[in-house]
**Student:** 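I am attaching a structure below and will ask some questions about it afterwards.
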Amino acid sequence: MAELLPGRLARLAALTVLAFVLMAAFAPWVAPHDPGATDLFRRLQPPGWMEEGDWAFPLGCDALGRDILSRIIYGARVSIFIGVVVVLIATMIGVAAGLAAGYLRGWVDRVISGLVDILLGFPYLIFAVGLMAMMGPGVLNMVLALAYKEWVVPCRVVRGETLAARETEYVEAARAIGASSATIMAHEVLPNILSPVIVVATVRIAQVIILEASLSFLGLGVQPPAASWGSMVADGRGYILDAWWVSTFPGFAILLLVLSINVASQAVRDALDPRFHD
Amino acid sequence: MTEPLLSIADLRVAFATRQGLVRAVDGVSLDVREGECLGIVGESGSGKSVTFAGVMGLIRPPGRIEGGSIRFEGRELVGLDPQAYRRLRGRDIAMTLQDAQTSLNPALTVGTQILEVLLAHGDDLPSGRARLRAARQRAVDMMTLVGIPAAARRLGDYPHQFSGGMRQRMMIAIALSCRPKLLIADEPTTALDVTIQAQVLELIASIRATLGMSVVLITHDLGVVAEYCDRVAVLYAGQIVESGPTAQVISDPRHPYTAGLLRSVPVLSHLDRPIHPIEGQVPDLIDLPPGCRFLPRCPMARTACHNPVPFHAFAEGRAARCVLAEAPR
Amino acid sequence: AELRIGFTLDPLTLDPANHRSRETESVLRTMYNGLVAHDPAMKLVPELVESWQWIDPRTMEVTLRSGVKFHSGAPMTADDIVYTFTRLLTDGALGGQTSPRKSLLGPTKAVVKVDDRSVRFELSEPWPVLPAMLTFQEVVSKSFAEKAGAAGMATQEDGTGPFRLVQWRRGDSLVLERFPGYFGGAPAIPVAGKACTDRVIIKIIPENASRVAALLAGDVDIINELPAHDIRNVEANPNTRVMAVNGTRTFFVALNNNRAPFNDVRVRQAANHALNRKLIIAKLLNGRAEPLNGVMSPAAFGFNPDLPTYGYDVNRAKALLAEAGHPNGIDVTLDADGPQKDMAEAIAALLTQAGIRTKVAVGDGSQVRDKWAVNGKREGDMWITSWGNGSLDPTDIFEPTLATGGRGNSAGYSNKQVDALLAEGGRETDTAKRAAIYRTAQAIVTKEAPWIFLWLPQDLYGVSARLSGWSPAASGWLNLRDACVQ
Amino acid sequence: MRSVALLQRLLHLVPVLFGVTVIVFLMMSLTPGDPAEIMLANQNATPEQVASLRHDMGLDRSLPTRFVTFVGHAVQGEFGLSLFHRRPVAAVIAERLPATIELSAAALLFALFMAIPLGVVAAVHRGGILDRLATVGSLFGVSLPGFWFGILLLLAFAVNLRLLPVSGAIDFAHQPPGLTGFLVIDSVLAGRMDSLGNALAHLLLPAITLGLPMAAILMRVTRASMLEVLRQDYITFAEAKGLGRTRILALHALKNALLPTVTVAAIETGSLLGGNMVVETVFGWPGLGRLVVESIFVRNYPLVQAAVLLYAVTYVLVNFVADMLYTVLNPRVRM
Amino acid sequence: MSPLLDVKDLVKHYGVGQGLLGRLFGAPPRKVQALNGVSLHVGAGETLGLIGESGCGKSTLGRAILRLHEPDSGSVTFGGVDVTALDTGGLKAMRRRMQIIFQNPYASLNPRKPVGEILAQPLRLHRLAEGAALRERVREMLEHVGLRAAHADRYPHQFSGGQRQRIGIARALILNPEFVVCDEPVSALDVSVQAQIIDLLARLKRELGLTYLFISHDIAVIGYVSDRVAVMYLGEIVENGPARAVLRRPYHPYTRALMSAVPRVDRADQQQERVRLHGDLPSPMDPPPGCRFHTRCGFATDLCRSVAPLRRQLEEDRMVACHHFPEPAP
Ligand SMILES: Nc1ncnc2c1ncn2[C@@H]1O[C@H](COP(=O)(O)OP(=O)(O)OP(=O)(O)O)[C@@H](O)[C@H]1O
Ligand SMILES: Nc1ncnc2c1ncn2[C@@H]1O[C@H](COP(=O)(O)OP(=O)(O)OP(=O)(O)O)[C@@H](O)[C@H]1O
Ligand SMILES: [Mg+2]
Ligand SMILES: [Mg+2]
């Protein structure tokens, strides 16, 4: 894989991700305008380089005359926050559940695996849509709706790895010297399954960002005036004929961030886990 | 004296890896004569498989034949065009791989896997409808020959339905189905239990007698060589360190590695005899110094050993890569 | 010739009795007729009847037109009329369900046959708007409805309209063809006669951009709900043009009259002054709306043209706020559902400039509606909403939205005097007196400003140059009979 | 032995389906808002009317009782009334289903036909230009937000270039007689080439939008498993047997390499089913996905409930079928 | 004198994936009969060699003795303590006295831990040392097994197979156990390195007074290291006794076959008459009735096919389980 994705590309991707994170963190300082400031006189104003454009609003304005660039910058907060928090919660739950199921086996495994099987029975987006329909829109609800199912991903990975690890001779050796189950899970199994967990987590952040955007696009996402990239694309959809920039730029932001995460995580995977080498 | 069936001269194979160039085979020369059984011994990683993968034309990138020649029946194989090579493989030279468990395709029936060689190479089979029937018959004969009972019924079975020993036999049956002139058996018994190992080795010996072919038997067990091979070549770190008639090499090893090997394994009939380990470990094949590769572990090392040591004949039929080879010990 | 229409929504059902959806009604009217219809000027004209007369304030008799045939070929009779309305009025008549349109018939008790051509509507109390309300009910064939049952009615039709259904691909399109036996429609409407085109295809294109694109590409000849910002594109295209009609839907921001801060009339007035309606109409609606100072459409019965105007005046607004004890302004929330999101944000931004610092909370339609339901908790501050008035009669908008406890009185407005006037107007049969009553009521309401009065938008359509003879109707019906394409 | 294994897997479906049903039921039962009131909204309904509707809809009973009724009805394919269509949910869904199935199938086919050959070629020419292109392409594929990409495609091919239709599943002039409800099949059955062409033209963009992420993932899986398989001893042995390259790749390698592809394809149908909602919304596709989205906004919960359950059951069954297919392809698990 | 380790009738069956259906319909449980009533004893300071073909249950026995796998029945008595009856605490204490060395030097060391940590862990766990004392003990142990103190900071993958096996040995011995199960400690190693490890184990035994259960499938290695040998076939011990005696004069036909199957370097010593076994090892899931060896035995009679042979206790602490002992049929 190293030859396929040159290190330069991976570094560029990592820098892009970093740039997005910084942009989100320092949004108030970075954004040229208040993302919520409407100015009906700038309604659907084209990007700076176009005729009628104004470089003060480099990417143009939306239907209410709000600066698209500023909204994208603030939107990064929502996307990154949800992506990271959901995956963080899911990973903590998933690792604990997966370790318990894989190492303790027995009824613990049956209960957890049963739950996992049931949740796996739902297509992800459908499940999230159902939950959002039930709980109503909002960032917190979105985090919950996604995390309810997301933990299954690390859980399955961890359980599988744990099942494999528990049969290894080094785990047996730890038992032979009298280590308890808890000690073994924490000191022998966990460090060895961490790499795949990290690899999976990075990829999942990208996927969760897309899911969040999809939900927002369907109108089940964050509440206005807070902007999420998905809802910005949805907002602009109606103006696609005469103001393509309204949904094109936020969509491109999603693509850029998600792609960068994916490229960077490919590099992480190459570095961390020789088993993923193709 | 007639030309040997297979003649390898100064073969070099290297693999480009991230860590550097691995010179897996570094100047190997050996002959296989018509009808003989040549044993190749060496520890894991010494280059046994790679040498004969070279013979089969199966070195894949990042590996590359860097030099030397391989002549089979007088024909040069290095650089042979792929089509011609393909016709040679399986028909004139056959090879069984180290691990029978993984060398049969799990998704295809054993029948398919043996019939396809026959159909690919069986020029002597009739054409048309009769061809398949003839091929089937020959497949069944071959399987019966290697001792698979009720062979006709088992054609439709999948490899996982066979035991380890039977899979090894099946692989031999496939390899032999076109009556090759040379069989390369790469560690046919390593994965098997001793009792099964004995069955398989005896099978190869008896088929060799029946079909009159040459056999290269790759192993890391000197005992196997002693019992089944006419001549032996000992590999160490990508080079042949000693070769000669089996009995002579075993009773009078001239390379300290061969000698060390012999002294480091317990022998059932002389359990009181102490064993003497060879100290140290096999060198890394990357960035080797020019001198003798056994030097760091050799009890008899001397300054001359730091220079390249040629592989040279020191007696009729015997050769070694050691400055002290001429002196019996 | 074939007429193609890009339409926003699939009909929910083909059963005229079993829906409460404006779009469904629009589509159904191409296949069905009512007893009464609107002419282009929104005047009531007889359609399936020749005339109607009030026998007394509680009884109205209609005389049926003769020679009207259902698509099945059966002639329309008084029994069909009685059946149609009995089906609407009787609980559980739709295979166990009760028609959701029952309430549109107000105090109608029964519909009885007098003779083959006469039918009487019997009311439990005087209800002068009955003829106007009859425009909302399509007549079905008794024999067909009995045969098809509730399930069959939902997916098949047997109307008297200019077109009959050929095929309905759910969510995708309806194909209609000219009904040769069509009686010609209301004679009062010009160019009465058979439909002009052989076939009509109503293609369901919910996406605004797609619908406009289809028009621009020449795929369709008419699209409804042309977004205001696409007017430019349609006008720029030589093959398409924009058509508009004043709508019947009044937009307003309901202020919670029962709760601080909007329980103070001065604050409500301040809000009205604070909003630059002209700017929003110009920018967001491309000028395609009429600002309102009260509840009624200018085209409606009893409209009061002399209502005072709340002019855009930030200082006045601030002064009123200060007077009401909010010198530093107020913080409020504006509820909106998805489609009103943009509008709500624009309004909020403008209000905020005048010291009414407004946050927008977007919820899905029914959630917000629940929140503002009359008998619900009504815990919001403001809600941007609208109320349709297809009949253009005050009973249909004034009463529900502003009478105490009215089903659409989300502002929680309650004024004894207004209640009394509305009750009186509902009973009054003398038209001039009735109009006067409503004018008075409008004046009171406008002064008390229970809402921020917004506007009455035009219904915008995009049509192709191939199209002739068609004009949009304020009722929102498609009225395709006259539409011709080259 | 095989039928026992099959039965065993089928039995495993029971608890999963039960759990799925419980979750769907709870999801919608715990949703705020009273379906009876929603149904009677705008109708001047009296509290008594609401109460009687509640009773008719069974909403006045306890949660467990309602669950039992729900399951009982669901098993018979009954999901109550669609609040807005005022017709049985099952009937409303059934009308929309063929379009969704057709779109999903087209997307699946697109994904498979893209992914498998590309994956194989990329693996065989590992590190080559095609491999690099495919790798970069697949990274894009998994990173593209479908709803946005769909809009761009629409803008480019339908609006600006006018090469393809903007919306819907077919134009009326080309409407084939409705035999099965599947336009492509109907066109073929009726021998209407024009219909077929028109239907395919409508299908093209939505199917690509929907299938692209799946194609990207499957391509990576196929490539990786192909690389893995090509490393195996049995491939070397097949070469040692002197077999032709084509036979080795197409038979020896692909038959093994497709195993993970099948499994992942089944798992990825989940994103296909979910993606339906988005893609149908963008392309005005007359399918179930769009209906669900619309229903959520009018809180037509019986329909949402039934559709979510239907999606989940379909998904579980697809994975079950894939399991079976896996068994057929992989003799090792055949016992 | 009672032996240090006494194993009586140890049974261990592994249940294999039976599935919901099997459980529902009460299908006969499918079990791998890995240990089927194994008895043996090891005296203090002695090495018992255990030999048998792959899958016959050698590792299972080693693990069952340490209760790494819970035996189904039977008893293990170690130094007078019934190991099978110990509770968690007792077992932990017992771990200090009984240890194990694994076959695979690549899988038996946690790849994420430096060697020093691997060796320190047992000491910490049993609170035997900390701080400088702990480091000193680790250093001492490393040197004991022929490694250097500097190696403590390296990770397992930086070592060769033989070195890793030394680390494994160090880990087992750092608790000063009395008894060590060596589960094929040299099988995965190159021939030239095997001897190093065998030597090391012999030296440590001498110096520390250890007792070994030494498992191998290489009969020559077993013969070389053992005081006594036990021959295992399909979960049962078929012969056992002093190493010299058993290997010089094997009684059981299986032991004989095993010995004659070994290829020898010294051709001259080859036996004239070879006992060749036919067929494969039967599946431990349904072992043959009667004598488990009868399917491959050249001397099998009807008796062997139906009745399991008794374990005969013979002179000089030998045991054989064969109907035809002392005189095998011709
Ligand atoms: N594809 C490869 N890439 C890099 N190095 C390789 C590759 N194949 C073989 N080698 C190296 O070549 C050397 C010789 O390997 P070879 O397989 O011939 O050993 P062998 O003698 O057959 O050993 P064994 O007894 O384990 O089979 C080894 O050091 C190995 O690391
Ligand atoms: N955890 C387990 N679950 C199920 N079966 C097992 C398990 N461990 C071992 N077995 C089975 O028990 C039998 C005995 O296994 P064991 O590992 O004891 O054999 P062994 O003599 O050590 O073989 P080898 O020489 O291959 O190490 C084998 O058939 C094996 O497949
Ligand atoms: Mg090899
Ligand atoms: Mg073992």
Side-chain angles (χ1 to χ4, degrees), chain A residues 1 3-5 9 13 114-115 117-136 203 206-207 209-211 213-220 229-230 233-234 236-237 240-241 244 247-248 250-252 254-263 266 276-278, chain D residues 12 15-20 22-24 27-28 30-32 123 126-127 131-132 135-136 139-140 142-149 151-152 154-155 159 213 223-224 227-228 267 269-275 277-278 281-282 292-293 296-297 299 301 304-305 307-308 311-313 315-316 319:
Chain A
M1 221 50 209
E3 324 90 73
L4 291 179
L5 288 177
L9 191 58
L115 202 56
D117 276 350
I118 289 167
L119 286 175
L120 283 177
F122 288 95
Y124 204 140
L125 191 57
I126 305 269
F127 186 76
V129 160
L131 279 178
M132 290 306 283
M134 168 183 138
M135 302 188 299
V203 179
Q207 285 310 301
I209 288 177
I210 289 206
L211 276 167
S214 303
L215 285 174
S216 292
F217 174 80
L218 292 175
L220 297 168
W229 292 340
V233 174
R237 197 159 46 118
I240 199 78
L241 290 179
W244 53 267
S247 45
T248 304
F252 187 71
I254 304 175
L255 173 63
L256 194 62
L257 176 59
V258 171
L259 185 64
S260 302
I261 296 178
N262 278 330
V263 170
Q266 177 92 52
F276 282 113
H277 281 292
D278 314 323
Chain D
H12 181 71
V16 171
L17 288 178
F18 183 79
V20 162
V22 172
I23 290 183
V24 170
M27 215 186 252
M28 293 305 157
L30 299 180
T31 302
R126 181 178 188 195
D131 191 17
R132 281 154 196 262
T135 303
V136 171
L139 275 171
F140 263 94
V142 292
S143 308
L144 270 178
F147 52 90
W148 179 69
F149 185 57
I151 293 174
L152 290 193
L154 201 67
L155 197 62
V159 176
R223 176 183 179 274
L227 280 176
E228 178 68 34
I267 292 170
T269 50
S271 55
L272 222 59
L273 295 175
M277 295 187 294
V278 168
T281 302
V282 171
V292 171
V293 175
I296 285 174
F297 287 106
R299 284 219 266 165
Y301 288 139
V304 177
Q305 188 173 45
V308 171
Y311 275 124
V313 170
Y315 187 48
V316 171
N319 278 284

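Throughout, a chain's letter reflects where its sequence line sits, starting with A, and its residues are numbered from 1. Just so it is clear, the model here is predicted, and its values are computed rather than measured.
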**Student:** Side chain from CB out, backbone as N, CA, C, O: work out which of these in D:L155 comes under 4.5 Å of a heavy atom of chain A, or both, or neither.
**Tutor:** side chain
**Student:** Taking the side chain as every heavy atom from C-beta outward, state whether A:R237 and D:F147 have any pair of such atoms under 4.5 Å apart.
**Tutor:**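 They are not in side-chain contact.
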**Student:** Given heavy-atom pairs under 4.5 angstrom as the criterion, report whether the side chain, backbone, both or neither of D:V22 touches chain A.
**Tutor:** neither
**Student:** Closest heavy-atom contact between A:F122 and D:V20?
**Tutor:** CZ-O, 3.6 Å
**Student:** Nearest 0.5 Å please: distance from the CE atom of A:M134 over to the CD atom of D:Q305.
**Tutor:**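 Nearest 0.5 Å value for the CE-CD distance: 12.0 Å.
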**Student:** As an exercise: rank D:L273, D:N319, D:V292, D:L272 by heavy-atom pairs under 4.5 Å with chain A and give me the winner.
**Tutor:**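 Going by pairs under 4.5 Å, I would pick D:L273.
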**Student:** So D:L144 and A:I254, do their side chains get closer than 4.5 Å, heavy atoms only?
**Tutor:**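 Heavy-atom side-chain distance check fails, nothing below 4.5 Å.
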**Student:** Heavy-atom distances under 4.5 Å only: say whether A:A213 touches chain D with side chain, backbone, both or neither.
**Tutor:** both
**Student:** Pick from A:L131, A:L125, A:L211: which one has the most heavy-atom pairs with chain D under 4.5 Å?
**Tutor:**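 Option with the top pair count is A:L125.
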**Student:** Of the listed residues (A:D117, A:V258, A:L257, A:I118), which shares the most heavy-atom pairs with chain D below a 4.5 Å separation?
**Tutor:**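 The candidate making the most pairs under 4.5 Å is A:I118.
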**Student:** So for D:T281, is it side chain, backbone, both, or neither that comes closer than 4.5 Å to the heavy atoms of chain A?
**Tutor:**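 Both parts, backbone and side chain.
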**Student:** Could you tell me which of D:V313, D:V16, D:T269 has the largest number of non-hydrogen atom pairs under 4.5 Å with chain A?
**Tutor:**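 When all of D:V313, D:V16, D:T269 are compared, D:V16 has the most.
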**Student:** Would you mind reporting whether D:I296 and A:M132 have side-chain heavy atoms less than 4.5 Å apart?
**Tutor:**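 Contact flag for A:M132/D:I296 side chains = no.
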**Student:** Take D:F140 and A:N262 through the test side-chain contact (heavy atoms from CB on, under 4.5 Å) and record every step on the way to the result.
**Tutor:** CA-CA 9 Å; D:F140 263 94; A:N262 278 330; over 6 Å; no
**Student:** Should A:L255 and D:F149 count as side-chain neighbours, where that means a heavy-atom distance under 4.5 Å?
**Tutor:** no
**Student:** Quick one: CD on A:Q207 to OG on D:S143, what's the gap to the nearest 0.5 Å?
**Tutor:** 7.5 Å
**Student:** Using atom types as modelled and distance alone, determine if a side-chain donor or acceptor of D:W148 lies under 3.5 Å from a backbone N or O of A:S247.
**Tutor:** yes
**Student:** For D:P145 versus A:G251, what's the shortest heavy-atom pair and its separation?
**Tutor:**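 Shortest heavy-atom separation between D:P145 and A:G251 comes out as CG-O, 4.1 Å.
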**Student:** Given a strict heavy-atom distance threshold of 4.5 Å, which part of A:S260 is in contact with chain D: side chain, backbone, both, or neither?
**Tutor:** neither
**Student:** Pick one: which of A:L218, A:V129, A:L220 meets side chain to side chain contact (heavy atoms under 4.5 Å, CB included) with D:V293?
**Tutor:**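 Among A:L218, A:V129, A:L220, the one meeting side chain to side chain contact (heavy atoms under 4.5 Å, CB included) with D:V293 is A:L218.
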**Student:** Using heavy-atom distances under 4.5 Å, tell me whether D:L152 contacts chain A through its side chain, its backbone, both, or neither.
**Tutor:**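 D:L152 touches chain A through side-chain heavy atoms alone.
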**Student:** For A:F217, is it the side chain, the backbone, both or neither that has a heavy atom under 4.5 Å from a heavy atom of chain D?
**Tutor:** side chain
**Student:** Where does D:V304 contact chain A at under 4.5 Å (heavy atoms): side chain, backbone, both or neither?
**Tutor:** neither
**Student:** Is there side-chain contact between A:L120 and D:Y315, with heavy atoms separated by less than 4.5 Å?
**Tutor:**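 The answer is no; the side chains never approach within 4.5 Å.
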